[in-house]
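The sequence lines fix the lettering, A, B, ..., with proteins before strands; numbering per chain opens at 1.
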Amino acid sequence: MNDSSEKQSGLSVLDRPNSYIGKTVPRPNLGRLMQGRGQYVSDMVLPRMAHVVFLRSPYAHARILKIDATEAKAMPGVIAVVTGAELAKVITPWVGVLSHLKGLKSAPQHAIATDRACWQGEAVAAIVATGRALAEDAAELVSVDYEELVPVTDMRTALDPETPVIHPELGDNLAFERNLDAGAVDQAFKDSDEVVEAKFVFGRHTGVTLEPRAVLADWNSGEERLTVYLGTQAPHMVQNIAAMHLGLDEAQVRVVCKDVGGSFGIKVHIYADEMATLALSKLLRRPVKFVADRVESFNTDIHARDHVCKARIGVSKNGTINAFEIDDVTGIGPYSMYPRTSAIEANQVINLVGGPYTTQNYRARTRVVFQNKNVTCQYRGVGHPIACSITEGLVDLAAQRIGMDPIEIRRRNLIRDDAYPCGSPSGLKFEALSHHASLDKLIAMMNYDALRAEQAELRKRGIYRGIGIASFIEVTNPSAAFYGVGGARISSQDGVAVRLDATGRVICQTSITEQGQGSESLTAQIVGSVLGVSMGRVRVILGDTDNTPYGGGTWASRGAGIGGEAALQAAKVLRKNILDVAAAILQAKPHDLDIIDNAVVDVQGGQQRIELHELARVVYFRPDTLPPGFQPELMATRHFVPREYPFAFTNGIQASWLEVDTQAGFIKLLKHWVVEDCGTIINPQLVDEQIRGGVVQGLGAALYEHCIYDERGQLTNANMADYLVPMSGEMPDIDVGHIVSPTLDGELGAKGAGEAGTAAAAAAVTNAVNDALSPFNVTVTEIPLTPRVILTALGRI
Amino acid sequence: MTNPTPISLTVNGESVSAQVLPRLNLADFLREHLGLTGTHVGCEHGVCGACTVRVNGDIVRACLLLAVQAEDASVETIEGLSDSGEISDLQAAFQNRNALQCGYCTPGMLMAAQDILTHEPQADREQIREHLSGNYCRCTGYHAIVDAVEATARARSGQAR
């Protein structure tokens, strides 16, 4: 904000005339999606394109003795049948570890299993044919001799001495362990009037993106270049890793990301079958496409959660929370996922438990174990729903034990709004949070007292409704502290290039990606606002490693805060450059000029001096008329990464109002409220819809979603009829409110909002269920809260 | 039953004749033979609603219908409804309300929404939620979609008065 014209007008770069910041404007890219004219990878066709289908292990753990593809190879239309050993000549295996997660270990994972399948669904052979149905026919003709091995399925016994070790070379099934002991935990528990313990169980669930994972790889042997069309959140990460394992230079790989049918963290990882597709394209020297079917999605899209956590809280009769302690275990499948690893979620759980509260006494242990199930990794909310459910569950149990209202105990323990900056016992740094303001706003929005009165009235008539409250913090705007410091080539900075074209329109290339959150919109809003150009004249290009600056992409709630700041800074430079040109043309001083409504105007009086399209015409076609030696630069690029804080924490609070059918065990959601604080809000509607979508994903986990494995490691509900997801009929309306505490780590002040909804939804629902069931003196601490769980708790089954 | 079979039908008002394998479902026929990729495939077994199209005026799951079953039928897809302008107000309401994020469910969702707007123009929120409950959306949480459909219903009934 050093522009003198801004100083003169007294306006910041964000609240200039006609600013789009803080305004609800429609996203510019919706038309094509609504007309069926989007282009998802599954829609794409290239000349000579072949289709690959993977033959997958029916066993959770088995040695591959022999693969006979003779009959399949003879089928007309079959191009190749490729085994893991054959493909290993084209692509090297990987190990999903990060050096800052000390002790994390994993075994080499191949694109296709070479000698052993380690989960049901791991690919053991690739069948490439001219059509997908044909490839599926041929797959049925491939015969594989397996020797079934003992599967490790129960994470609670994975470390027992009698349990087989999945990767003998690793010594045991422990992938990672972290211990933390902060403050004086033993003394704090000793000083507590009450200590409440509980065991929290979190089922495995998965992302269920409506478009399954899909990739189209095109190795052009004439150019010695691989073009990868992939629905991904992180194109440059994929470029780097694809090159590394295919023995190519990064410059030989281009990753293009067009429309993406949902991601939520599912599409930010390196999947073995996608890597195999890239390798097959190189091997076969032609385009190869892989589109997962729904069964494959359930068996191979990363799963998440699957934690069992023993936890306790110490509390004084006056409501002071004295200490938290947790002992967590999670099963991650047979490999740590590449490259972000499968230890991050457990690590986040340790980081986040107790995060909203003042107590500095905190002890935690987590153990991350291997098992013969599908791999787990980062999915929307990463650790937050677990940490929040544990923390908020314990807080409610403590309140119940000492006979205090859940609101009151939070008032007495949430970190004060004037206490910042401050830190947590796990080492988190908080710049500015607003727990109390959020709580106050929530109580007003939901009319808490009236709801309590209604609840009491209904209870007399045998109707059991509950109110559940859950405060939370959310990790957003991650710096290199997340992955870069651990040695992963995952960029934490993002870049934006902005240019004024010859017709006075703006083209903007950004390294963040779009999966529906509104990346295009927020970029155009920021650039349009700073430049004084109508949003409709700003075109945003993203998702192409050949055509955008280098950057991280869209994950961990970073698009607005990091990519948005880069857009802001790039636009500021371009704005200055435009005013320099205008000053030269108009023989004025740059600081006497401004850009408003697509034209350069006088700061004083606002009189229009030259329209941008006319300025561009002069620059591009009549530069001879400009002063000698003056070289216009109508393109500017800037990059950004937060430097003051490793993460920009946000906070918020959610409430659920629901009814439990104590006879049938069903839960009816009646209403849900959220107050959150993501700092500067660029587009209120987009933020609200991120919150709502996130909440419903959390509600799915709370009530329905569960990857159910049997004792042999078979996923028993790998389809959308048996794996339940939230549908419109069961979901409530969701009211969203905001408190605004901008981050000062950047000029924009925006923090992330993508995961706040998911973070606390399940905690609010579980607390509401326990509130509803309080007359029965039962406590439920397991999700999903299926009728079986409810009726079991009630002793009815 | 593995030899190609001739079929003739109308798709978005255009006559179409093709040779298809009997096992080919309507969704794959629309996408792969006609290039109508607005009809999306999500679950491939009739649960998610992404492939919802209109056949002889009724909404159906294109993944549960074989192409050969559409013989002589009139099939309408999102491309047809968009080009004719039939749902332009509904699409505008979706845009204004940001009732889509990734957009993958949207063609099917618009099909299902237009169906209730046509047959139950006075539907309230709960009825709208019920009618759309066969269409899975992972992004929005449904609230915005219900708002957009409700707004369209109110606007249309206002115009009808």
I'd like to verify something: which residue of A:Ile734, A:Val696, A:Val25, A:Val295 has the highest number of heavy-atom pairs under 4.5 Å with chain B?
A:Ile734
Contacting region of B:Asn135 [heavy-atom separation from chain A under 4.5 Å]:
backbone
What are the residues of residues 109-120 of chain B, in order of number, with any heavy atom under 4.5 angstrom from a heavy atom of chain A?
B:Leu110
So which residue, A:Gln517, A:Arg37, A:Glu689, A:Arg32, ends up with the most heavy-atom pairs under 4.5 Å with chain B?
A:Glu689
I need the A:Gln515 CD to B:Cys102 SG distance, nearest 0.5 Å.
9.5 Å
Could you tell me whether the side chain of A:Ser728 and the main chain of B:Ser133 form a donor-acceptor pair under 3.5 Å?
yes
Taking all non-hydrogen atoms of both residues into account, name the closest pair between B:Pro107 and A:Gly36 and its distance.
CG-CA, 4.3 Å
Do the side chain of B:Gln91 and the main chain of A:Met34 share a donor and acceptor less than 3.5 angstrom apart?
yes
For A:Asn719, which atoms come within 4.5 Å of any heavy atom of chain B: side chain, backbone, both, or neither?
both
May I have all residue pairs that pass side-chain hydrogen bond (donor to acceptor under 3.5 Å, both in side chains) and include part of residues 101-111 of chain B, sequence neighbours excluded?
A:Gln690-B:Gln101
Proximity breakdown for A:Val695 and chain B, heavy-atom pairs closer than 4.5 Å:
neither
Applying a criterion of heavy atom separation less than 4.5 Å, what residues of residues 39-47 of chain A form contacts with chain B?
A:Tyr40, A:Ser42, A:Asp43
With a 4.0 Å cut-off on N to O distance, would you call A:Asp688 and B:Arg97 a salt bridge?
no
Does the side chain of A:Asp733 come within less than 4.5 Å of B:Arg125's, by heavy atoms?
yes
So which residue, A:Met731, A:Arg132, A:Glu514, A:Met727, ends up with the most heavy-atom pairs under 4.5 Å with chain B?
A:Met727
Salt bridge check: are B:Arg138 and A:Glu705 linked by an N-O gap of less than 4.0 Å?
yes
Select one option (side chain, backbone, both, neither) describing which atoms of A:Asp137 are under 4.5 Å from chain B's heavy atoms.
side chain
Under 4.5 Å between any side-chain heavy atoms of B:Tyr136 and A:Leu210, yes or no?
yes
Hey, which of A:Ala133, A:Gly518, A:Gly38, A:Gly31 has the most heavy atom pairs under 4.5 Å with chain B?
A:Ala133
Between A:Glu730 and B:Arg129, is there a salt bridge with N-O shorter than 4.0 Å?
no
Which of residues 35-46 of chain B have a heavy atom under 4.5 Å from any heavy atom of chain A?
B:Thr37, B:Gly38, B:His40, B:Val41, B:Gly42, B:Cys43, B:Glu44, B:His45
I need the B:Asn98 CG to A:Arg27 CZ distance, nearest 0.5 Å.
5.0 Å
